Amino acid sequence: MRELNKNNTELTAIQIRLREAIIQSGIPQNIIAEKIGVSAQTVSKYMKHDIFPALDTLARLCVVLDVSADEILGINEIFNN
């Protein structure tokens with residue numbers, strides 16, 4: 001059970017970093033959606049932490065938002081702890 005909670009916590013942290021990157025970009029959600037090939041409703045669901053993007057979509061999001069996947073995934077945090 002402890003491992004499940006840890007994984008859930010890490011996923012939540014990733015979702016929070018993704019939301020922050022979307023906000024920091026200043027790009028409207030409908031424009032982000034258009035550029036990555038999803039609906040604006042889907043981007044809204046990412047913002048509400050209702051769903052998580054597929055890996056290929058996450059990669060496109062990183063390009064559009066001009067942020068590294070390492071930053072979104074918290075790679076430095078994982079390996080520095």
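Remember, predicted model here, so these are calculated numbers, not experimental data.
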* To do: Compare all side-chain heavy atoms of L58 with those of L73 and state whether any distance is below 4.5 angstrom.
  => yes
Show which side-chain atoms of residues 44-56 pair as donor or acceptor with protein atoms under 3.5 Å away, not counting sequence neighbours.
none

* Asked: Taking only residues two or more places apart in sequence, or in another chain, which ones meet T57 in a side chain to side chain donor-acceptor pair (under 3.5 Å)?
  -> R60
Enumerate donor-acceptor pairs with a distance under 3.5 Å from any side-chain N or O in residues 23-33 to protein atoms, sequence neighbours excluded.
from : atom 1 : to  : atom 2 : distance (Å)
S25  : OG     : I22 : O      : 2.7
S25  : OG     : I27 : N      : 3.1

* Asked: What pairs of residues pass the salt bridge (charged side-chain N to carboxylate O under 4.0 Å, His left out) test when at least one of them lies in residues 23-41, not counting sequence neighbours?
  -> none
* Mind checking whether L61 and V63 sit in one hydrophobic cluster, side chains of I, L, V, M, F, W, Y counted as touching below 4.5 Å? -> no
* Listed partners of S39 passing side chain to side chain donor-acceptor pair (under 3.5 Å), at least two apart -> T42
* To do: Could you state whether I75 and I14 fall into the same hydrophobic cluster, counting links through intermediate Ile, Leu, Val, Met, Phe, Trp or Tyr residues with side-chain heavy atoms under 4.5 angstrom apart?
  => yes
* **Intermediate values then yes/no, side chain to side chain contact (heavy atoms under 4.5 Å, CB included), L65 and L18** => CA-CA 10 Å; L65 300 175; L18 178 59; 4.3 Å; yes
